[in-house]
Amino acid sequence: MATIVNTTEEEPMLAVVRSTAQLAWADAGPEVADPEVARLCAEAQQHLLAGRWLDMATLMLASADLLLLSPSAPDKDLECILTVICNLVTKAGSEDEALEIAKLICAKLTHQPPADKPTLRIKVLFSLYNLLPSLSGKAMVYRKALEVAAAAAGKAAADCVVPTFKNIDAFVAYWGIGKPEQRELFLAVTRILKDHKGMTKDYFKFLNKYLATFDGSADDADAIGAAKEEAAAAIVEFVKSSDLYQCDLLDMPAVAQLEKDDKYQPVYELLKIFLTQRLESYLAFQTANSTLLQGYGMFW
């Protein structure tokens, strides 16, 4: 007995498979292309009827590279296609399946060349964020959007994510993520803000948030060494600032480790001078470390 299935809502998926398949086989000629397009559409139809949404996502994403790299593909059309793919997470039978689909989409969007449509990819990732039911999935997608923005190294991409930074504390509480995930998040934010004009205070704030995730416990022993560059950067930003007069940097284990570091010990010494000593100590330091100060843009 034949089964009648209403596929009206699913037609956009089949249209995406057909259009991407036609693009993928465009240079092969109709004799080769037509059967391949038909095969892929038939496969998509089978996945659709069986509710195999992870397989459908894999199939739909297979040719997404061609669209993302195509200079002739209008952004609105591409966004529409990618949004249809993102909607697969709402059809998944479980949060785990939705998360696996989201991971496939994120991998495709983050592994593109940095300069190729970064703002569009970030916009699609934010759409995916809103569609996901999983809080851990939302946190993962948000970090991927930051990854795209940081890799793009352009103002337009950064402008897509910077307005969300004011909500970071609320996001962290909402997602319920642990210290390692918070650390990764804050570090990603600092990398975007570092060269973003007019965001010096925010850069310093998130450097502090990142450094504060290290409490000096045994759990941090293997990771804290990676924070030396950011610890030094926080010191430099504090010393250079004309309106920051106090900080908690000296109390942070991630900063304290610089005291015995061959490369950054002078930077740590400079922080101690600014926070605990007098002008004559700084003048003596300036005389002995003029090259260091010039290198950090701190020579007055």
Side-chain angles (χ1 to χ4, degrees), residues 9 13 51-58 60-61 64 79-112 118-152 157-193 202-203 205-215 217 219-220 222-223 226-227 230:
E9 293 183 0
M13 298 183 198
R52 295 193 295 265
W53 305 117
L54 185 59
D55 291 336
M56 177 68 90
T58 301
M60 295 174 77
L61 288 166
E79 182 183 347
C80 180
I81 288 171
L82 291 171
T83 299
V84 170
I85 299 175
C86 288
N87 268 283
L88 285 169
V89 301
T90 67
K91 300 183 179 299
S94 66
E95 283 195 6
D96 287 343
E97 185 182 19
L99 185 57
E100 290 303 310
I101 294 171
K103 287 178 179 178
L104 287 178
I105 297 170
C106 287
K108 184 65 67 173
L109 294 175
T110 55
H111 291 167
Q112 303 300 317
T119 55
L120 172 63
R121 289 184 282 136
I122 292 169
K123 188 174 182 179
V124 172
L125 285 168
F126 281 168
S127 294
L128 178 61
Y129 175 98
N130 290 326
L131 291 167
L132 267 176
S134 164
L135 295 181
S136 63
K138 287 179 181 291
M140 181 268 294
V141 172
Y142 183 79
R143 290 196 301 270
K144 292 298 182 181
L146 299 191
E147 183 180 319
V148 172
D159 284 347
C160 290
V161 297
V162 166
T164 69
F165 293 167
K166 65 180 181 295
N167 298 317
I168 287 289
D169 290 340
F171 289 161
V172 168
Y174 174 56
W175 299 329
I177 57 177
K179 190 177 295 182
E181 291 81 10
Q182 292 179 38
R183 185 176 299 154
E184 181 183 345
L185 175 66
F186 297 146
L187 184 59
V189 172
T190 64
R191 288 173 176 167
I192 293 170
L193 293 176
D202 292 278
Y203 173 54
K205 179 178 75 173
F206 278 99
L207 280 173
N208 275 265
K209 285 181 176 291
Y210 167 71
L211 296 172
T213 63
F214 298 94
D215 58 13
S217 66
D219 293 339
D220 290 340
D222 294 333
E230 282 71 32

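No hydrogens, no waters, no symmetry mates; every other heavy atom, side chains included, goes into these values.
Closest approach of Ile101 and Ala92 over heavy atoms only: CD1-CB, 4.2 Å. In plain terms, the two heavy atoms of Val84 and Met60 that are nearest each other are CG1-CE, 4.0 Å. Of all heavy-atom pairs between Ala227 and Leu211, the closest is O-CD2, 4.0 Å. Considering every non-hydrogen atom in both Ala57 and Leu104, the closest pair reads CB-CD1, 4.3 Å. For Ala157 against Ile122, the heavy-atom pair with the smallest separation is O-CD1, 3.6 Å.
Looking at Met56 and Leu88, their side chains come closer than 4.5 Å, going by heavy atoms from C-beta outward. Contact annotation: the side chain of Leu185 approaches that of Leu146 to within less than 4.5 Å [non-hydrogen atoms, C-beta and beyond]. Leu128 places a side-chain heavy atom less than 4.5 Å from the side chain of Cys106.
In this structure, the side chain of Lys91 does not engage the main chain of Gly51 through any donor-acceptor pair within 3.5 Å. A donor-acceptor pair is defined here as one N or O able to donate and one able to accept, closer than 3.5 Å; no such pair exists between the side chain of Arg191 and the backbone of Ala150.
Judged as a side-chain contact (heavy atoms from CB on, under 4.5 Å), and not counting sequence neighbours, the contacts of Ala212 are Met252. Applying the side-chain contact (heavy atoms from CB on, under 4.5 Å) rule to Glu79 yields the partners Thr83, Leu120, Lys123, Val124; only residues at least two apart in sequence or on another chain are considered. Considering only residues two or more places apart in sequence or on other chains, Gln112 meets the side chain to side chain donor-acceptor pair (under 3.5 Å) condition with Asp65.
Each of Glu184, Arg183, Gln182 was evaluated against Thr213; a single residue qualifies, Arg183, per the side-chain hydrogen bond (donor to acceptor under 3.5 Å, both in side chains) test.
To the nearest 0.5 Å, atoms OG1 (Thr190) and CD (Glu230) are separated by 5.5 Å. Leu61 contributes atom CG, which lies 6.0 Å from atom NZ of Lys108 (distance to the nearest 0.5 angstrom). Taking CG from Leu125 and CZ from Arg143, the interatomic distance works out to 12.5 Å, rounded to the nearest 0.5 Å. From Ile85, atom CD1 reaches atom SG of Cys80 across 10.0 Å, with rounding to the nearest 0.5 Å. A distance of 9.0 Å separates CG in Leu207 from CG in Leu187, rounded to the nearest 0.5 Å. In this structure, CG in Leu193 is found 12.5 Å from CZ in Phe186, a value given to the nearest 0.5 Å.
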Cut-off 3.5 Å, no hydrogens considered: what does the side-chain donor-acceptor table look like for residues 171-180, sequence neighbours left out?
unit_1, atom_1, unit_2, atom_2, d
Trp175, NE1, Tyr129, OH, 3.1
Lys179, NZ, Asp215, OD2, 3.0

Review item, side-chain donor-acceptor pairs of residues 160-169, under 3.5 Å, at least two apart:
unit_1, atom_1, unit_2, atom_2, d
Thr164, OG1, Tyr142, OH, 2.6
Thr164, OG1, Val161, O, 2.6
Lys166, NZ, Pro163, O, 2.8
Asp169, OD1, Lys209, NZ, 2.8
Asp169, OD2, Lys209, NZ, 3.2

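The ring pair (Phe, Tyr, Trp, His ring centres under 6.0 Å) contacts involving residues 88-110 comprise nothing, where partners must be two or more places apart or lie in separate chains.
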